[in-house]
Amino acid sequence: MSKAVSVLNGARFSGLAEVADAGLVGMITLRGDLESSAVAAAVQSTTGCAIPAVRKTVEASGNSVSWMSPDELLIVTAYDQVADLCAKLQEALTQEHALVVNVSDARSCFTLSGNGAREVLGKVAPVDFAADQFQPGDFRRSRLAQVAGAFWLDQGGAFHIVCFRSVGEYVFNLLKTAADPDAGVGVYS
Amino acid sequence: MLSACERSAHMSTRLAKQGRLIDRSKQIVFTFNGKSMLGHPGDTLASALLANDQMLVGRSFKYHRPRGLVASGAEEPNALVGLGSGTRYEPNQRATTTELFEGLAAQSQNHWPSLEFDIGIVNSKLFSRFLTAGFYYKMFMHPKPFWKHVYEPFIRQSAGLGKAPDKELVDADTYEHFYFFADVVIVGGGVAGLQAAKTAAATGAKVLLMEQNAHWGGRAPVDGGTIDGMEAEAWVTKTLDELRAMENVTLRDRMMGAGVYDHGYLLGYERLSDHMPGKPGPRHRLWRIRTKQIITATGAIERPLSFAGNDVPGVMLAASMRDYVVNWGVTPGKRVVIATNNDDAYRTALILKDAGVEVACVVDARRLGGGALAKQVRDAGIRVEDGRAIAKVAEGKRVTKVAICLQNGDGQSIEEIEADAVAMSGGWSPVVHLWSHCGGKLTWDDTQAHFRPDPNRAPLSHDGLPFVSTAGSASGPMGLGAVLSDAAEAGAKAAEAAGLPAQAPVAAVAEDVEETQMEPVWLMPANADIQHRMKSWLDYQNDVKVSDVQLAAREGFESVEHTKRYTTLGMATDQGKLSNINGLAILADSLGSEIPQVGTTTFRPPYHPISMGAIGGEARGEIFQPLRKTPMYAWNDKNGADWEPVGHWRRPFAYIRNGETQHDAVNREVKNTRENLGLLDASTLGKLIVKGPDAGKFLDLMYTNMMSNLKVGKCRYGLMCSENGFLMDDGVVARIDDDTWLCHTTTGGADRIHAHMEEWLQTEWWDMKVFVANVTEQYAQIAVVGPNARKVLEKLGGMDVSKEALPFMEWRDGEIGGFKARAYRISFSGELSYEIAVSASEGQAFWDALMAAGAEFGVMPYGTECLHILRAEKGFIMIGDETDGTVIPQDLGLHWALSKKKEDYIGKRAHSRSHMADPERWQLVGLETVDGSVLPDGAYAVGQGINANGQKNTIGRVTSTYFSASLNRGIAMGLVKHGRKRMGEVISFPGTDGKTYEAKIVDPVVYDKEGAKQDV
Amino acid sequence: MKRYSAFAVAREALRYHTGWERAWTSPAPKRHYDVIIVGAGGHGLATAYYLGKNFGITNVAILEKGWLGGGNTGRNTTIIRSNYLQDPSAAIYEKARSLYEDMSQDLNYNVMFSPRGVIMLAQTEHEVRGYKRTAHANALQGVSTEWISPERVKELVPIINLEGPRYPVLGGLWQARGGTARHDAVAWGYARACSAMGMDVIQKCEVTGVRTEGGRVVGVDTSKGAIDCDKIGMVVAGNCSDLSQMAGFRLPVESVALQALVSEPIKPCMDVVVMANTVHGYMSQSDKGEMVIGGGTDGFNNYTQRGSFHHIEETVRALVETFPMVSRLKMLRQWGGIVDVTGDRSPIISSTPVKNCFVNCGWGTGGFKAIPGSGWAMAQLMATGHSPLAEEFTMTRFKEGKFIDESVAAGVAH
Amino acid sequence: MLILTCPYCGATAEETELQAGGEAHLKRFGPGSSDEEFHDYLFVRENPKGVHFERWRHTNGCGKWFHAARCTTSLEVFGTYPAQTTEPPQDIQDKISKKRPGWSWREFSCASAKDAS
């Protein structure tokens, strides 16, 4: 839909790493019992992804599913698919105590890629980004300087960063500042 | 070849030999107090000043005494300068830790009018006898106003060290933080640190080694000795190369271990561009390091000797003097007297002699003198006197004469020696700061007369196990071989403690000179009389002398903390690095106690001052704090929004048009909304989805009123109290389907109430089947308000918004103008009103559509102030205005919202406590000024008389007050004692403007009492 | 006790200060005292002092487990103000402030009370309303405060950035006779005066037990032996839960770390005390030239006198934004103290379930400024059983739901 | 800077990801309880010097409330465990008993002390 715009509307910055607004991304919060086979089946059948292990992201069929908490998943899909996927999940979970809610417009998404990506994120999140400690498929909810955020590393080596929509601009500026080309730390290269 | 300086007649000068750290092929121009000087790359400001014969570098704090360099590193107490200018000016920079750069401009401090001629010196010359420790506690009391107006301004002006940055200064530099994780962090890049790093890294541990200076190797390259058969410097280079080649090792120079915090948290302070100001990128980076183990290889600091005149420029620590010679090829004098109580100072004698500086005499306080090193010195033809002391260094702006006496005497001069510099060594104290920050304990070592870390009482981490250890001379041993083996062991142990497989430590082998034991000398000479003790400095910067500590002890300040605070010993910007041990030895002696019994004061971070800029990090300007923006933020900003911060959000207070005052704009918005059509960006209101089989039951506990019986499709206003009974939030709840509710909260309540619900669900009622999701930001929510509200929606087309299809206090899903929307028929203004939620990403487009379609209906956006007035005219309460955390629903006449049917809800039990059921509690009423004026915000109504504490009795207060454009007069609400029974009564509100406002108690609803306008 | 004066200093100078006597004695405990005050911090010493001065009760021991003034009295940011909102708070803090005005003369000890003025900055509309309300309340409470404009704020605080990009300064609540004092001197001055009245200040004497008979207190066990007494006043911030349990009752109190820091000293650049609550930081400049900075408390129970660094970071960040030049100063030292926080964050000055046992605690982050008023009220309560200043600060108020809440904001809302 | 391991997501979280929530294992008293009970529930706290059980929320993380057994004088953490329990797990109590013989906290105490009584 042309009426819908993401907060940063495609902004990019290139420095120590490439910071890019991921544009409109379909996102669903699923709350339910992650141990339940019905939930697993619903997620598998609608997204193609298995239930991720603790603090992991599973990618399949163009979707990804991330472990948010023991009773919450973040499902990422194409923005124009989200209503459909929501409906399918709700349908598949009618018998379960579960909550499926579209949060696509409540969030901002960024990708952070390039050699300096670990270092840039290491300036804003109190998390160990050494290559042996944060690997593709790892997912973490933490803090991006002064706001809550979540991120995962995809198989291609790019970080996907999610924060609340209202602070999208703050997070973009924060990442931009951290990615100042003259501010290299040089510990992960 | 002699340098230019050396050929001149100056006494402090650049030498032809030595200077391992400087590049003599290049020159750097810098200025000191405006005077142009030359130095070399590799110089510190301190070494460059010495090379230019600038002995006098500052004035002391209290007596404004002339002061020169005492040390060569972070422990330097005197050489503090103002550095740079304009937006890069910084006071109190240490010359010894300032790397020289082209164009450096330094200003000395704490003098007026000039460094050479300082009026404040009268403190020293005339009044020093009066200005003893704590003198100001005993005087300046009369007449009373004089403290504030005469004495204090004078004291403040003469204290204070560096000039403050300009009041309007905005720092031109940037700063950042970095999080880092390691198994073992080693602080200090001397040979001990390198050895410890090497051993720890050999186990595969992830190692970070940091060094505060720009160069590695610490003292060893200066002090000499061989390691693994090579010169110390060669070993340092080789070891660095080995470490650099290891993937598991990170090396950082110009990075100081600033503080150790609980659970293995360490601050690293990296100075990236202090040596080349203006270099792009951050100036400082504060590393926030989490590590399993910390090794402090921070070395030791030499102690001064306490003799009369030990603060005269030219008196310097012996090891620092040889640092200046070896590292930078400078000497503070041409004829030096050395005073010592240990063998190490003899190294200075040898190095000075080798560099062509005359050593007039080595005065060794020990009756039997030194060992092998002393012999070498004697063999070199240098005069050595045992059992002798310095009686006094002649006063002046630099050393000219040194009087020698017996150490065990009272200071009777035996001879006077002409000299222009004095090197002193009172022994060495391990740098224990980082060890101590988190509770590491110290033990007194009698043989070396110092406190060293007690390995049996190390700081404990989250697991109850030690997480800090020490290596090298930071542990106590001072000899090179012992240092290396201690460090190797520390490295291996730390790695093992960090969970790496144990490995036997392999230490480099060093050749040591055997040293004769030092003897503690706390006062030189031992029985110095009071005149001498009054000239024997302990704390140079704060001007604390031996006599001051003795006075404190005599006056009963027996605790070391008392003495510190009474005399200010150790409270200067060097935090007592040189003075503490000497001071507490004097204290112990005065009390007839032992040093270990007196103990030390507490070591607190940072080890050495760190910039506030670095602590703040990147958080400045637009990323100072997150600024939360609604989807319509940019539009609002472009259309006159007068922003009001609401938490981290910004909301338009009003939309101000050209030529309007804020007041005009608000009144226009009120009238227009009442008469035509207003739009409010209500996106910040919290929206929580509560779903599950037990959701109704749960909400009945959360809200004071019943929510479980709300019908699908309907809305209900709800109140929430804290468990303590106070009103904490309100909002409209909509029932979405059989097991789903959507709860609106206030703007500030969104995160708070979400957390509140999660807390109860997770920690008290975890058996309830309820899920909550915060969908506040999923939606842009727009209040469409006013008589034309329905018209504009109908024009946009889509869902049926008629009174029949969408009655008051109901909601519907559908499409409006092609937007997928949810419409709530709710009103906070008393007008016909819809709150429409669309997806946030479409919020701006929907707003644009409403503005366009609304043009013919007189649409205008309105801000929070208009919102407030509209609700106040209707007597609706506002959380944060009518409530303040002390107000309960009963106070506000909201009894109807306190369910009597429910057995329990949060806050119910609290309301039955005596004070909450008290009929004397103030009650919400409307207030109408007699003259139509606006009551002052926050005014109190006075009653009769005064209370037991002499305060006027009050009977009420204004909770919100506005000018009502609709009624063309002031309106207000307030809480008044027995208010609901006092309708029509007039009460008085004294303003702070001298006026008293008379107001009649009325019903809070002053506009459309019947509610006819909202239900059409 | 020899009087302190400029003349005495001059006289002593001539004999190299060898004639000064002890500021307070260091006696061994007697077997019995009329009153034992546990805790020789500011509040405890002030209590003892006013027991003697106002009620003639001088057979008093003040027991201190460490060194006198070594708790929060010696580790706070020395701010003195009384611009509180609620009547009971305004009454006791104003009493304290007015006693500070004459304290140096009263004690013959220069405590350097410096009424340089205190500004509470208003940086949101919510704060504007809150402080205007306080100004109205203060006028009726006899506390002299005024609401001032941003321009006046800038005059008083030249280093402030009024037009901060985030929170422009909208005005402030100004108390011209608020200020600072030398914290250690307050403890030392009281200790010296108590000692001069014949009271025993006994340091390094830890109370290990409270002895009661028939619900009445009869004495204490200490590291220096058992001591009998008729009345006990417990005035031990950071240790009151422990001590009250020795006497057999529990308190609605939690102990948390509060941190502060100072910059290196610089020449005078700020003559007043500034508190910025929206961004959580406050700052003043000491006579020595250090910028003295404070912020918020940790959220967890802690007795280590060490806090978590991120609070320092938040405070400094706020101050750099409010006073940009602070960016180029350096932090010299940070430290922590353990403060007692009650359910409404206001103090307790109260009788207890144990007869003749009184408690004074819960001053949270605001204790120093209250010292003389707190001691005055506590002394009156202990001597007579009733003090108007302490009347509302009972420990039973929590049961009645009768709180003294100074935070008066349920959160910002619209 | 406290560092606690969240028992839900396994992250070793530093304090900036966490929010302290006061004393753990409080029993709620609602309508029908005495003034004394309600007062003690809301206000009276152990505030011990030593072993303590307290609540934390992994706010900037998985969002879950959990409990920590911690020493308030040394900051040693004996263990963390999910909040959905009314008493500390036995294994954590045992661990504390080993490290702090003779400990007690409300109705809980050192295993050996219990045996002795």
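In what follows, every chain begins at residue 1, and chains take the letters A, B, ... in the order their sequences are listed.
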Structural part of B:E764 lying under 4.5 Å from a heavy atom of chain D: side chain

B:H263 vs D:M1 side-chain heavy atoms within contact, under 4.5 Å: no

For the pair B:R909 (side chain) and D:S33 (backbone), establish whether a donor and an acceptor sit closer than 3.5 Å, ignoring hydrogens and angles. yes

Does the pair D:E14/B:R288 count as a salt bridge with the N-to-O cut at 4.0 Å? no

With side chain to side chain contact (heavy atoms under 4.5 Å, CB included) as the criterion, how do D:Q84 and B:D767 come out once you've worked through the C-alpha distance, each side chain's angles and the decisive distance to 0.1 Å? CA-CA 9 Å; D:Q84 290 77 42; B:D767 51 341; over 6 Å; no

Any non-hydrogen side-chain atom of B:D262 less than 4.5 Å from a side-chain atom of D:E76? no

How many angstroms lie between atom OH of B:Y179 and atom OG1 of D:T16, to the nearest 0.5 angstrom? 5.5 Å

Contacting moiety of D:L2, where chain B heavy atoms sit under 4.5 Å: both

Could you tell me which portion of D:S34 (side chain, backbone, both or neither) has an atom closer than 4.5 angstrom to a non-hydrogen atom of chain B? backbone

NZ (D:K49) with more than 12 external heavy atoms under 6.0 Å: yes

Check each atom of B:E759 against the heavy atoms of chain D and say whether the ones under 4.5 Å are side chain, backbone, both or neither. both

Around D:K99, counting heavy atoms of other residues, nucleotides and ligands shown, do more than 12 lie under 6.0 Å from its NZ? yes

Side chains of D:P31 and B:E903, heavy atoms from C-beta outward: is any pair under 4.5 Å? no

Could you tell me which portion of D:K64 (side chain, backbone, both or neither) has an atom closer than 4.5 angstrom to a non-hydrogen atom of chain B? both

Option that, when pairs with chain B are counted at under 4.5 Å, heavy atom only, ranks first among D:T86, D:L4, D:T59, D:V77: D:V77

D:T85, part contacting chain B, at a heavy-atom distance under 4.5 Å: backbone

With a 4.5 angstrom heavy-atom cut-off, which part of B:F181 approaches chain D: side chain, backbone, both or neither? neither

Crowded around B:K902 NZ? As in, over 12 foreign heavy atoms under 6.0 Å? yes

Check for a donor-acceptor pair, side chain of B:Q762 on one end and backbone N or O of D:G63 on the other, with a separation under 3.5 Å. yes

Could you look at B:I906 and say if it's the side chain, the backbone, both or neither that has a heavy atom under 4.5 Å from chain D? both

Max heavy-atom pairs within cutoff under 4.5 Å with chain D, candidates B:K908, B:E723, B:H911, goes to B:E723

What part of B:S461 gets closer than 4.5 Å to chain D, counting heavy atoms only: side chain, backbone, both or neither? backbone

Taking side chain as C-beta onward, heavy atoms only, is B:H462 less than 4.5 Å from D:T5? no

Looking at D:R70, D:Q19, D:E15, D:R55, which makes the most heavy-atom pairs under 4.5 Å with chain B? D:R55

To the nearest 0.5 Å, what is the distance between CH2 on B:W766 and CH2 on D:W65? 13.5 Å

Part of D:F43 lying under 4.5 Å from any heavy atom of chain B: side chain

Distance col, row D:L26:CG vs B:T763:OG1, nearest 0.5 angstrom, shows 9.5 Å

Any ion pair linking B:D904 and D:R28 (charged N to carboxylate O, less than 4.0 Å)? yes

The interface call for B:D463 against chain D, heavy-atom contacts under 4.5 Å, is backbone

